[in-house]
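In what follows, a structure is listed as structure tokens, so that the remarks can point back to it.
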Amino acid sequence: MSWNCQFDIPGEINLRALIRNLQELVPCSVESENSLSRTFYDTYDWRLYASGRVMEELRINKNTATTYLRPLNRTTAQACATTTGQPIRFLCDLPQHDMRDRLAPIIEMRALLPVARMRCRVTSLRLLDKIEKTVAYLDLEENRLASASGRHRGDIIRRASVVPVKGYVADARRLARLLSENMGLERAGSDMLITALAAIGRKPGDYSSKVDVQLDPHAHADVAGKVVLRRLLEIMQANENGIRQNIDSEFLHDFRVAVRRTRSALGQFKRVFPERAVNRYLRDFQWLQQDTGPARDMDVYLLNFATYQSLVEPSLRPALAPLQKFLRQNRDTQYRRLTRALDSVRYNKLITDWQAFLDKPSPGTSTLKNATRPVVDVASERIWRLFRRAIKTGGAISDDSPAQELHELRKTCKKLRYMVEFSQSMYPQGDIKKLVAALKQLQNNLGDFNDYQVQSDVLQQFSEKIHARGTDGPQTLMAIGNLVAALRHKRESAREAFYSHYRKFARPRVAARFQRLFRHAANGSRDDNMQ
Amino acid sequence: MKVLASYNIKGGVGKTSTAVNLGYLAAREGARVLVWDLDPQGAASFYFRVKPKIKGGSKRLLRRKREILDTIKGTDYRNLDLLPADFSNRNLELVLDHGNKRRRGLRKIIKPLRDHYDFLIIDCAPSISLVSENVFDISDALLVPTIPTTLSLRTLSTLIDFRVKHGLSDVQLLPFFSMVDRRKNLHRLIVERPPKKLSMMLDSYIPFASEVEKMGVRRAPLATYAGHSRAAAAFEQLWDEVKSNLEKPRD
Ligand SMILES: Nc1ncnc2c1ncn2[C@@H]1O[C@H](COP(=O)(O)OP(=O)(O)OP(=O)(O)O)[C@@H](O)[C@H]1O
Ligand SMILES: [Mg+2]
């Protein structure tokens, strides 16, 4: 049952009078008058909103709260969970009911954060039938938005919400008709969440890790390049706080992806920016990436932990506990180190200088070969060249090839993917989607191969470290050994699957699409000697 | 979806109070609960103030699968729904009898419920019949309220034997003492030392209490009007014990 029936209550209408008028028309009783706090939640990257859902928590006191999940613009809940004490942060804070199952594929590892809060006075009325059975509810709400400082002195949103009871929808309809026809109320225009966010000056979807910049194809490459790089800096900065506050693993992840993309863009836009600056920033961003790496690694191992357990013989699973403990401790250490890196002089100077570099207007003329060429030409050239390099490297891979070659291909594909994503606004959407999809498949396979390799090696080292501490039994050594063997086996499967993934990527249709979109601009380029 | 049936061959032992109160407690925790009033008398429907009549009767319910969902009524409590009793429940037996898989008839009927509820709690009529065999077939556990008297214990033994004989040992048997009057010697004696054969008897028991009787006047679950009574606490304890039994791995 999907239902949406909310009315705005204009400021001049007195709630008591409204209830009195209603009681003259239909049998209804005031069930309760509650003061509660209402908090809307979403992940930092608005996963719930993006999936068309709203999560709100109604808290009566410190120890009792009910959390509802409902579709946007609907007032009937899909699931609800009663929680006590602690606010909900992660999936595991929810009781194991329907709500958790519904949320798991959407929010995954992300933390739920409050996006809007309000104090709410609700007068709940029950519409009754002859035997005093409740056949519909009417919630009259007076919501006072909390300002950013948390003090409750914001706007007031007043609404009347008709909530049907299963099997008695006709009664709810009758009540709704009464409210609009006899009492003259108007339907509310938008979801309470949207109204509340607008009132505090926030827009849903105000953060995304996507490089969704719009480039003018004719813009000079140095101007457009800075647009991309500025967007990447924006993503880094948007995630800094979340890393410092250790909210969830994805802040660091998005941060590092932005750093990697920055490096990739700097490396790819050759002869667009002055070489000295490029070299300096490449060096500094590489330092930043390396310095943030160990913390991310710990996040990855911990996120994978459930999978690791499933890879180990059931009898050995409990013996993995010391590994988890080791990872957690290590993660804490690495995150502390990470915060120090973000507070360091080097980092702050890097960001200030980088910002200044990006803000400096481009000169308009340049001795650099590519700086003032149309960005679409430079991008096409780079993409076309990366594509051909990928084909060349991939085509040469055979059963005898060392892992290094797959590693090279993986890096080329990543650069290619980034370039395509930076440039997507300049090419037809549909084409880009198809290319990215084809590329993604191959990248996943190459990524798996690499990850299993690295993880099995690193876990082996961890096992030795844990053993050296002498805190585990022989069972743990065996369990990790078991896991390492399973990961090696998966690596081999990924290696075997490579050919079919590569063939799919290199099929004529994909190649023709790359050629059609990107080759024209590359014509005449001196590297273009392969056709 | 876990299926629990409140069942006893004997009448008037507290089956309906059990179904109604445990259903309420489960829903209060956030689980989605459906109470199925399978007793033609419609006592559970009465407690929830739902008219016991459903359109077309149970025959229609059995024929048109999806219809079960449309027949459901919301109660006055969140997450707690009711499938009302119908006088033609009396015919349920006949209807089941016509099918070829006599003991499997209910399986198909409850299938559409599985996505919508965490618990289905069935309030059974006092009898042993084809309907009850069907209930055993779909249930994860039978909650068997048992008054601590010699006769009641004998009835319980009969049920245990029946379950074994008919190969229905998949269903967990969760008997517990009900309407326990500690002023009565016999009650005290039996509750403190239940016969060996009844090792599965739960530790929780429901005392005889006037608050429970008042459910008939209040037409509401006990916890809504006497939340601090001893009987209400007993139902909470019973519910916790039932849950932990459901989570236990079965051998
Ligand atoms: N713990 C209790 N203390 C006092 N009275 C109780 C208790 N439990 C049930 N009763 C009362 O006993 C009567 C029978 O209870 P209930 O309807 O729950 O039993 P039942 O097994 O479902 O009966 P039936 O076989 O008729 O369906 C009711 O009037 C009820 O109010
Ligand atoms: Mg009964």
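Lettering of chains follows the sequences in order, A, B, ..., and the numbering in each one begins at 1.
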Within residues 132-140 of chain A, contacts to chain B at heavy-atom distances under 4.5 Å involve A:E132, A:K133, A:T134, A:Y137

B:K73 NZ/CZ over A:Y168 ring centroid, <6.0 Å and within 45° of normal
yes

Rounded to the nearest 0.5 Å, the CE atom of B:M179 sits from the OG atom of B:S17 at a distance of 6.5 Å

Whatever's closer than 4.5 Å to a heavy atom in chain A on B:Y117 counts as side chain

Would you tabulate the side-chain donor-acceptor contacts of residues 87-95 of chain A under 3.5 Å, counting partners in other chains and residues two or more places apart, or write 'none'?
| from | atom 1 | to | atom 2 | distance (Å) |
| --- | --- | --- | --- | --- |
| A:D93 | OD2 | A:R89 | N | 2.8 |
| A:D93 | OD2 | A:F90 | N | 2.8 |

Honestly, the part of B:D81 sitting under 4.5 Å from a heavy atom of chain A is side chain

message = Between B:D123 and B:S6, is there a side-chain donor-acceptor contact under 3.5 Å, judged purely by atom types and distance?
response = no

* salt_bridge(A:D8, A:R187) N-O dist < 4.0 Å -> no

Original post:
On the ring face of B:Y77, is B:R28 found with NZ or CZ under 6.0 Å from the centre and within 45° of the axis?
Top reply: no

### Query
Charged N to carboxylate O under 4.0 angstrom, A:R158 versus A:E142?
yes

